[in-house]
Amino acid sequence: MTERLAEIKKELSKKLKKDRYEHTIGVMYTAASLAMCYGADIQKALTAGLLHDCGKYCSAKDQMKFCAKHQIPLTESERSMPALIHAKTGAYLARHEYGIKDSEILDSITYHTTGRPNMTLLEKIIYIADYIEPNRKEIPGLQEIRGIVFQDIDQAVYLSAKRTVLYLEECGNPVDPMTVSTCEYYHPEKRNTDHIET
Ligand code: DGI
Ligand code: FE
Ligand code: FE
């Protein structure tokens, strides 16, 4: 770990609640393991994993105020589902407070909650590391996803997105259009079609 990353880690240990900090460390090392497996940049994976939830240092209400103050535009969906906002505030803080300039790292933070179609390898790594890190409480399908993620990351992304949509629907929560698009894009049949066309 670089000296700068160790400094950020120390800062986050003070800013985040204990559980959130432990989750963050879990995501950081899970992301590094996936980077080793798939040949992504390990330092970028550690950095994005460490910072992915840095926007959660305050309540969703305060995150909304933060967005208004810093002219961070929010979609209608984000306004009605404040749990999504920390991805945007996190990317902003990573850039302006923690000095991260790499757009691939910043995008991985921005899209870690909803995913998006056609993600970069690093975006997929952070999206899935967030879902499977060792401290995550047991949820249906978690074992299956952990079992295949080191063989087929796209299938793991699909299963995570599908589980998220099912879970939100069961709870009667609205689903962000981007979460739906992620699920559709990574559907195995859609992926096969893409493969034939290219
Ligand atoms: O920040 P984490 O708790 O580690 O996980 P996360 O960033 O994946 O998700 C944060 C919250 O957002 C979590 O409670 C699930 C929720 N969420 C994810 N996608 C959607 C969503 N909530 C709504 N309403 N709609 C979504 O599409
Ligand atoms: Fe998050
Ligand atoms: Fe997270």
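Order of listing sets the numbers, starting from 1, for every ligand and every atom in it.
- Among Glu133, His86, Arg20, Arg136, the residue whose heavy atom lies closest to atom 5 (O) of ligand 1 is Arg136.
- On a distance-only criterion, Thr113 and ligand 1 share at least one N/O pair closer than 3.5 Å.
- Under a hydrophobic clustering in which Ile, Leu, Val, Met, Phe, Trp and Tyr are joined whenever their side-chain heavy atoms come within less than 4.5 Å, directly or via other members, Leu51 and Tyr21 fall into the same cluster.
- Considering backbone and side-chain atoms alike, Asn173 places every N or O at 3.5 Å or more from each N or O of ligand 1.
- Ligand 1 places these atoms under 4.0 Å from at least one heavy atom of Val175: 25 (N), 27 (O).
- Between the Glu144 side chain and the Gly141 main chain, no donor and acceptor come within less than 3.5 Å of each other.
- Ring-plane geometry between His70 and Tyr92 is classed as tilted, the angle between the planes lying from 30 to 60 degrees on a 0 to 90 degree scale.
- The distance from ligand 1 to the heavy atoms of Thr179 drops below 4.0 Å at these ligand atoms: 19 (N), 26 (C), 27 (O).
- Backbone and side-chain nitrogen or oxygen atoms of Thr164 are examined, and none is located within less than 3.5 angstrom of a nitrogen or oxygen of ligand 1.
- The closest donor-acceptor contact from the side chain of Lys61 to the backbone of Pro82 lies at 3.5 Å or more, if one exists at all.
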* Report the C-alpha separation of Val149 and Ile132 in whole Å, then their side-chain angles, then the decisive distance to 0.1 Å, and conclude whether the side chain to side chain contact (heavy atoms under 4.5 Å, CB included) test is met. => CA-CA 9 Å; Val149 69; Ile132 63 159; 3.8 Å; yes
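- Where the criterion is an N or O separation shorter than 3.5 Å, residue side chain and backbone included, Met81 fails it with respect to ligand 1.
- The backbone N or O of His86 lies less than 3.5 Å from a partner atom in the side chain of Gln63, making a donor-acceptor pair.
- Shown here, atom 23 (C) of ligand 1 is in close reach of the protein: a heavy atom of it lies under 4.0 Å off.
- In terms of protein heavy atoms, atom 13 (C) of ligand 1 is closest to Ala83 CB, 5.0 Å.
- Remark: Phe150 CZ is packed, more than 12 non-hydrogen atoms of other residues, nucleotides or ligands lying under 6.0 Å away.
- Closer than 4.0 Å to atom 26 (C) of ligand 1 lies at least one heavy atom of the protein.
- For atom 17 (N) of ligand 1, the closest heavy atom belonging to the protein is Leu84 CD2, 4.0 Å.
- Here the heavy atom of the protein found nearest to atom 3 (O) of ligand 1 is Lys56 NZ, 3.2 Å.
- No path of Ile, Leu, Val, Met, Phe, Trp and Tyr side chains, each step under 4.5 Å between heavy atoms, connects Leu168 with Leu159, placing them in separate hydrophobic clusters.
- Ligand 1 has no nitrogen or oxygen under 3.5 angstrom from a nitrogen or oxygen of Thr114.
- Protein N/O/S atoms closer than 2.8 Å to the Fe ion (ligand 2), listed by chain and residue number, are Asp53 OD1, His86 NE2, His112 NE2.
- The residue from Val175, Thr179, Val180 that alone fulfils the side chain to side chain contact (heavy atoms under 4.5 Å, CB included) condition with Thr164 is Thr179.
- In terms of protein heavy-atom proximity, atom 6 (P) of ligand 1 is nearest to Asp130 OD2, 3.6 Å.
- Within a 4.0 Å radius of atom 10 (C) of ligand 1, the protein contributes one or more non-hydrogen atoms.
- Looking at Thr89, Asp62, Leu16 one by one, the single match for side chain to side chain contact (heavy atoms under 4.5 Å, CB included) with Tyr57 turns out to be Leu16.
- Ranking the protein heavy atoms by distance from atom 20 (C) of ligand 1 puts Leu168 CD1, 3.4 Å first.
- A salt bridge between Glu7 and Lys10 is absent, with no side-chain N of the basic residue lying under 4.0 Å from a carboxylate O of the acidic one.
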